[in-house]
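Everything quoted here is computed from the prediction, not taken from an experiment. Both counts, for ligands and for their atoms, begin at 1 and track the order of listing. Just the heavy atoms: all of them, side chains too, but no hydrogens, waters or symmetry mates, feed the values below.
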Amino acid sequence: MTKIRSVVLGCGSYLPEQVVTNAQLAARIDTSDEWIVQRTGIRERHIAAEGEFTSHLAIKAAQAALTDAGLDAQSIDLIVLATSTPDNTFPATAVAVQHALGINHGAAFDLQAVCSGFVFALATADNFLRTGAFKRALVIGAETFSRILDWNDRGTCVLFGDGAGAVVLEAQEQPGQAATDRGIVTTHLRSDGRHKAKLFVDGGPSSTQTVGHLRMEGREVFKHAVGMITDVIVDAFEATGLNADRIDWFVPHQANKRIIDASAHKLHIAPEKVVLTVDRHGNTSAASIPLALSVARKDGRIKRGDMVLLEAMGGGFTWGSALVRW
Ligand code: ACO
């Protein structure tokens, strides 16, 4: 029986111009290139310019994704934007993107699941497309984490960067076979608020009326990450009958090379199938997966028909996976 699937028509990304290397951070705080590379794999990150907001990055990523898809913005009727660093408390950054693209039909809203935001947004858009509520969606991950970092806390400020990425999805009828259909074949989302104090921002409109700074118990996050990531990927395999051998590309959330390596190893995913951008982008939270997808599309790795496995884990904790045939 045929099935409606959300097929990826294009992807795009944008990184702010300014690059900050580990050596530049080491000139300002008590850290070193060696420590950062050894613990995280990060070598440099992009940082937004003064006056450059999350929406500005998101608009550029969305435009690049539309160009890649060969589509006019008017054909988009849904925008789901994942961010934890919106321009304002409200309205949603998604409506700023919608307005800049000249769209005034359909719906646009933000979604907040921290580093898992893109996977949650992809699953949300997929569900709307499969029910027939919307036809074409822009799913965006965009962040300016540099604005919520405590630049005196060496345990966190070396880890993050700014950027945005986007994909265009279209509802298309497919034969209904998880093993061969194009599009999103399964998504799995989880959260567990018992861990909410392990990675959080110590401010907000209702609690402090300030923006606050990111606080993290790094070891605690590390301890849970690999187990949560691999669990939700096993769920995706069980739901589809696919396995690690059937995956062409593993595009994980780019938080830390050690977490990525350990997850791939545990799942028996060959290292050459892993797309890594954390060295050049740092952790860009909800933007990291579409940024990595964009890199692997541009350099010719991800091709039409390839099976791509996405996963993310972040504050909440939240975590999730998606299997997408390109
Ligand atoms: N430079 C130099 N030394 C540092 C730095 C730094 N930037 N940061 C911390 N240290 C020091 C600490 O002060 C400590 O020194 P001490 O032993 O004298 O007290 C020592 O290094 C070890 O500190 P730990 O925090 O225990 O270091 P750890 O080996 O756990 O590495 C890290 C820290 C990299 C944050 C690690 O815990 C980690 O990767 N955690 C996962 C967190 C993560 O990836 N978060 C991203 C957001 S969540 C997500 O996206 C999944």
Using a 3.5 Å distance criterion without hydrogens, assess whether the side chain of D87 forms a donor-acceptor pair with backbone atoms of F53.
no

Sorted by first residue and then second, give each salt bridge (charged side-chain N to carboxylate O under 4.0 Å, His left out) pair with at least one member in residues 115-141; sequence neighbours left out.
D126-R130, R136-E170

Does ligand 1 have any N/O pairs with the protein under 3.5 Å, and how far apart?
| residue | atom | partner | partner atom | Å |
| --- | --- | --- | --- | --- |
| ligand 1 | 1 (N) | T31 | OG1 | 2.6 |
| ligand 1 | 3 (N) | W35 | NE1 | 3.4 |
| ligand 1 | 3 (N) | R154 | NH1 | 3.4 |
| ligand 1 | 7 (N) | T31 | OG1 | 3.0 |
| ligand 1 | 7 (N) | R154 | O | 2.9 |
| ligand 1 | 13 (O) | R154 | NH2 | 2.9 |
| ligand 1 | 21 (O) | W35 | NE1 | 3.4 |
| ligand 1 | 26 (O) | R219 | NE | 2.6 |
| ligand 1 | 26 (O) | R219 | NH2 | 2.9 |
| ligand 1 | 27 (O) | R39 | NH1 | 3.4 |
| ligand 1 | 29 (O) | R39 | NH1 | 2.4 |
| ligand 1 | 37 (O) | G218 | O | 3.3 |
| ligand 1 | 39 (O) | N256 | ND2 | 2.4 |
| ligand 1 | 40 (N) | G218 | O | 2.9 |
| ligand 1 | 50 (O) | H253 | NE2 | 2.8 |
| ligand 1 | 50 (O) | N283 | ND2 | 3.1 |

For P252, is there any backbone N or O sitting under 3.5 Å from a side-chain donor or acceptor partner on Q254?
yes

With ring-ring contact (aromatic ring centres under 6.0 Å, His included) as the rule and sequence neighbours excluded, what pairs involving residues 103-137 come up?
F128-F134

Taking the side chain as every heavy atom from C-beta outward, state whether L276 and K257 have any atom pair closer than 4.5 Å.
yes

Check side chain to side chain donor-acceptor pair (under 3.5 Å) between K60 and all other residues, then give those that pass, not counting sequence neighbours.
none

